[in-house]
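Shown next, in structure tokens, is the structure this report addresses.
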Amino acid sequence: MTTGGGAPTKHERRGVHGAASSTHYLGTATAMSVLARGGNAFDAAVAAGFVLQVVEPHLCGPGGEVPAVFVTAGDPSPRVLCGQGVAPAAATASRIRDDLGLPIVPGTGLLAATVPGAWDGWLTLLRDHGTWELVDVLEPALGYAAGGFPLVPRIPVTIAAVADHFRDHWTTSARTWLPDGAVPTTTHRLPALAATWQRLLDEAAKAGGDREHRIDAARGAWYRGFVAEAVDRFCRTPARDESGRDHAGLLTADDLAGWSATYEEPLLVDVGGGWSLAKPGAWSQGPVLAQALQLLRDADIGYADGVATADTVHVAVEAAKLAFADREAWYGDSAPVPLAALVSAEYAAARRALIGERASLELRPGSPDGRTPRLADYATHPGRARGDGVTSLGLGEPTVDRTGAVRGDTVHVDVVDAAGNMVSATPSGGWLQSSPTIPELGFCLGTRAQMFWLEEGLPSSLVPGKRPRTTLSPSLGLRDGEPRIAFGTPGGDQQDQWQLCFWLAHTVGGLDLQAAIDAPAWHSVAFPSSFAPRGWEPGGVVAESRLGEPTLDALRRRGHSVVDAGPWALGRLCAVGRGDGPLLRAAADTRSGVGAAAAR
């Protein structure tokens, strides 16, 4: 079977005991191993998440963050885990804008660090919904860090691109990633990270008590113990960042001690056809997908042999542009967000009238509840480079240049078990090229604060103790109130756009999970990027050539500025599902050659 010509698709994986999908085959293998040994979906997802920190270090790391959407076997109501850390207490807009003279938060270095959220996020999920001990869940990742792991092709390329920057400015990163001064090409070890993890496990064992108490002891050792102390010390030394200058970090041990991961209610929206969508709230870009689907409820979505028509791509792009314009004006954690109005059918009906036969070249936020939208002044001027966390074509891999200016990408994992537990998680941040390695710990801090604006009064303004408006956007779909699919993808601003392609192909086009992932994809670049230098391209569309030259020509005639990304270029989607009795399903990205899905 093929989808839109070209290479044959993989088959959707099916089983009755469990299913998993991730952006790396070792992450998926780890999850399936846990399920086979009696762990549940949460045990499996956490174990896979830690493995991904090791085997995809150019895409995520221990100093990053993790949001997740999940349901449990006992409760089909979706919940959100927020493992996104907040801005430090000293991180004010005036300090960076006025005292340091910077127009935006740099995309690399120490200034952009927020509280690392991944450790507490994963351990909170394990403590409350898993069944395994932390030592057992962490064993696969610790083994790869200590004993060595295979390098996928993009890792040496990434390290080589920043090797001179490491040697000249980030010498601790050079010692970590350039053994004997050379770029590793086959395997690599991370002994300092392994030692950090072992020390955390030792602290947990020393605490005694029950399983939950030991997990909490490991959380404490990170946020109120030796990890926090090492982070504090390291951030006091200035390091070179994307601005071309050296800046110290603002993160302190007190910032770490005052934060922990939280649970919250999801954004749950009826999007038609018996489907509802569960997403993180407006501290993420997750509501964009719900808004776009509301705009498309009455659209004539057409597919021919698994390929979207020109009309479908046009209307989907225009809907996404309207939703992302609202993201720019309304989403964030630093001011109240009229979220109910933004995702309402009434608001969508009013905004739908703006979708015409030709591509809009404007950034058009709306007025939910009659409020007047406000954009950051920096965001109103198109023309700067986008810096999407991906290449200029949006290929789903990091952009890296020799100065260390990089926008790392992301990973994803989905797991479902026979009992009905289902989880979708999108870990990211703390990739090896984001900031200098902390030598005592063996990992670096993330740079998520680059997503704040330095103007006051915006929902995404830099405010101490607030979350940056992250692009991370895991998803869970329910059919007639029953959890049916968990899915997501790396890709920065493209995450919810590639998920839109997948959703339409699966729920409207009738394709199974694998065929929907493999269906030709597209995305818009006609709104401000979340990543420094935060530019945008009015009318810009990036599309896979398998849509067909007639479709690409039709889009150009409608005013879209179309870039052909090649046949298999866009998206690194993962998905699992359930339904049809006991059957469980899994599917994974064909494009990268690294992602994998499995079921048993």
Side-chain angles (χ1 to χ4, degrees), residues 42-43 45-54 60-70 79-89 113-130 132-135 137-138 141-142 193 196-204 207 209 211-232 235 251-264 280 283-284 333 410-411 413 423 425-430 438 441-449 465-468 470 472 474:
F42 297 102
D43 300 316
V46 175
F50 283 123
V51 165
L52 294 175
Q53 291 179 1
V54 178
C60 76
E65 50 273 330
V66 58
V69 185
F70 65 91
R79 294 281 287 166
V80 166
L81 171 82
C82 177
Q84 171 60 64
V86 298
T114 55
V115 174
W119 179 258
D120 204 62
W122 284 126
L123 265 62
T124 298
L125 199 65
L126 177 68
R127 180 196 64 190
D128 297 339
H129 301 291
W132 276 25
E133 292 282 354
L134 176 60
V135 63
V137 165
L138 198 54
L142 201 157
L193 173 59
T196 294
W197 277 339
Q198 187 58 60
R199 186 173 173 185
L200 289 162
L201 292 175
D202 292 343
E203 294 281 348
R211 170 182 167 277
E212 290 75 15
H213 182 75
R214 288 188 290 275
I215 292 174
D216 283 339
R219 295 170 62 218
W222 182 292
Y223 292 90
R224 292 173 295 281
F226 76 95
V227 172
E229 293 166 0
V231 168
D232 188 304
C235 283
L251 195 61
T252 69
D254 287 342
D255 292 317
L256 272 71
W259 181 86
S260 61
T262 56
Y263 295 113
E264 61 186 44
W283 53 270
S284 76
D333 193 39
T410 300
V411 301
V413 59
V423 58
T426 309
S428 188
I438 303 171
L441 303 176
F443 63 83
C444 61
L445 298 170
T447 54
R448 194 62 57 175
K466 297 298 184 180
R467 294 168 289 188
T470 180
L472 306 178

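This one's a predicted model, so the numbers in the text were calculated from it and none came from an experiment.
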Could you check whether any side-chain heavy atom of [X] comes within less than 4.5 Å of a side-chain heavy atom of [Y], counting everything from C-beta outward?
X	Y	answer
H213	D216	no
L441	V231	yes
V66	C60	no
T252	P88	no
R448	T470	yes
T114	Q84	yes
V80	P67	no
W222	L123	no

Testing the basics here: between [X] and [Y], what is the closest heavy-atom pair and its distance to 0.1 Å?
X	Y	result
A204	A217	CA-CB, 4.0 Å
A118	P62	CB-O, 4.2 Å
D255	A89	OD1-N, 2.9 Å
H129	Y263	CD2-OH, 3.6 Å
L472	S284	O-CB, 3.5 Å
P116	G63	CB-O, 3.6 Å

Distance (rounded to the nearest 0.5 Å) between [X] [atom1] and [Y] [atom2]:
X	Y	atom1	atom2	value
L134	L200	CG	CG	8.0 Å
S428	L52	OG	CG	11.5 Å
E203	F226	CD	CZ	6.5 Å
D120	Y223	CG	OH	4.5 Å
L126	F50	CG	CZ	8.0 Å
I438	L445	CD1	CG	4.0 Å

Side-chain donor-acceptor contact under 3.5 Å, E264 with W283: yes
Walk me through it: do L256 and W119 pass the test side chain to side chain contact (heavy atoms under 4.5 Å, CB included)? CA-CA 11 Å; L256 272 71; W119 179 258; over 6 Å; no
If you measure from the Lys or Arg side-chain nitrogens to the Asp or Glu carboxylate oxygens, is any gap between D333 and R467 under 4.0 Å?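 Judged by the 4.0 Å cut-off on N to carboxylate O distance, D333 and R467 do form a salt bridge.
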Pair R199 + D202: basic N to acidic O under 4.0 Å: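 Salt bridge absent between R199 and D202.
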Just by distance, do the side chain of R214 and the backbone of A207 share a donor-acceptor pair under 3.5 Å? no
Aromatic ring proximity, centroids under 6.0 angstrom, F42 and W122: no
